[in-house]
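Numbering of ligands and ligand atoms starts at 1, following listing order. One is the number of the first residue; the rest follow in order along the sequence.
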Amino acid sequence: MSETRAFIEDLPKAELHLHLEGTLEPDLKFKLSDRNGIDIPYSSVEEVKASYVFHDLTSFLVGYYDGMSVLIEEQDFYDLAMAYFRKAHSQNIVYAEPFFDPQAHTSRGVPFEAVVTGIHRAQVDAEAELGIKTNLIMCFLRDMSAESAMETLEASLPFRNWIIGVGLDSDERGNPPMKFKDVFARAREEGYHLTMHCDVNQENSVGHIWDAINEIGVERIDHGINSLEDEALIAEIKRRDLALTVCPVSNRYVTGSLTVDEIASMLDKGMRVLINSDDPAYMQAYLNENLVELAEDGNFTREQITQLARNSFLASWTSEEDKGEYLAMVEDYSA
Ligand code: HPA
Ligand code: ZN
């Protein structure tokens, strides 16, 4: 094993940009299709695996939503989340803020309550059994209407204490941040933290990031690579200390590049960038694989890798006390 890989594997880390539905591994998909009597056009785990192919965000999203058809019962969401928490624990992820996409389930007739209760139960068990702490973020699907997002926000209120923040994902084309201005304003009133995808190389990416900051008031930006194209935007992101949750292997699927130079540049400029896996079952790379590819490709120093881990905790929405403990773990490790 390379020295870099060994250093990354044992480094304590947080993951803040991870779609739980994107952790659906072929073997679990196959098992759940069987358990729920859902017909899928594959007769083996290998065939499911072979179906996980895509070449851009749009073709990825088709497979991603199709895969969810096997998630029906509360227990399915428990199993999905628990499998990710075990994997995360095995990679020395000590804290995570996973996303979930309620509308991708409620639109198929699965009750909001089943989704959130299954995930919550896994969060409780994962903390007790594995010691991994997690806080859940609810994403709105930006290719659905603002009204549907508002209804989803209202459906979440009985579970307010189980959800730390809201985000925005799915297809950004024609679905700018401003479409959801009122929904995010209401979410803020309800006490939710705010983040939002500003995917790489979208139409008007830079404008979307400005609007996410100035008009929506996000506390983090998911992806946000294109911010580097605008010096004033870089300065504003730094002034507000906004974190950018970047996903190298996911970026490679969308743009052909791991965005190594962009991530190095963000670190150089003192921007709060951190590394994440996005949809690891589909992209076949969990957090450590993302970090190893990035660090080896870019010849990152231990100090650069350590800064990425520090940023992952600094950007989190956990308590200041927990943050202090996690940061001390990073410093102890790197010393
Ligand atoms: N981008 C947008 N929407 C998503 C993604 C992504 O990478 N993963 C799951 N939903
Ligand atoms: Zn994402």
Checklist line | Heavy-atom nearest neighbour of atom 6 (C) of ligand 1 within options Asp143, Leu57, Leu18 | finding: Leu57
Check: Backbone or side chain, does any N or O of Asp279 fall under 3.5 Å from an N or O of ligand 1?
Finding: yes
Notebook entry, point to check: In terms of side-chain heavy atoms, does His89 have a donor or acceptor partner in Arg86 at a distance below 3.5 Å?
Noted result: no
Next item on the list: Using the rule that two of Ile, Leu, Val, Met, Phe, Trp, Tyr join whenever any of their side-chain heavy atoms come within less than 4.5 Å, decide whether Phe159 and Leu71 are in one cluster.
Entry: yes
Margin query: Counting only nitrogen or oxygen atoms and a 3.5 angstrom limit, does Ser250 reach ligand 1?
Written below: no
Next item on the list: Measure the shortest side-chain to side-chain distance between Ile221 and Thr195 over non-hydrogen atoms and say whether it is less than 4.5 angstrom.
Entry: no
Next item on the list: Would you name the N/O/S atom of Asp278 that lies closest to the Zn ion (ligand 2)?
Entry: OD1
Next item on the list: Determine the interplanar angle of the Phe60 and Tyr282 rings, folded into 0 to 90°, and report it as parallel if under 30°, tilted if 30 to 60°, perpendicular if over 60°.
Entry: perpendicular
Margin query: For Arg121, is the CZ atom crowded, meaning more than 12 foreign heavy atoms sit under 6.0 Å from it?
Written below: yes
Check: Taking heavy atoms and a distance under 4.0 Å, where does Glu21 meet ligand 1: side chain, backbone, both or neither?
Finding: neither
Checklist line | contact_flag Ser170 ligand 1 heavy-atom lt 4.0 Å | finding: yes
Next item on the list: Do me a favour and list the nearest non-hydrogen protein atom to atom 7 (O) of ligand 1 with residue, atom name and distance?
Entry: Asp278 OD2, 2.8 Å
Next item on the list: Please work out whether the ring planes of Tyr84 and Tyr286 are parallel, tilted or perpendicular, with thresholds of 30° and 60°.
Entry: parallel
Notebook entry, point to check: Judged by non-hydrogen atoms, does Phe60 sit under 4.0 Å from ligand 1?
Noted result: yes
Margin query: Going by the closest heavy atom to atom 5 (C) of ligand 1, which one wins out of Glu172, His19, Arg142?
Written below: His19
Next item on the list: Would you please say whether a donor-acceptor pair under 3.5 Å links the side chains of Glu296 and Ser2?
Entry: yes
Item checked: Distance filter under 4.0 Å to Asp199 heavy atoms, resulting ligand 1 atoms -> 1 (N), 2 (C)
Checklist line | Closest approach to the Zn ion (ligand 2) by His197, given as the N, O or S atom name | finding: NE2
Note to self: Which label fits Phe100 and Phe112: parallel for a plane angle under 30°, tilted from 30 to 60°, or perpendicular past 60°?
What the structure shows: perpendicular
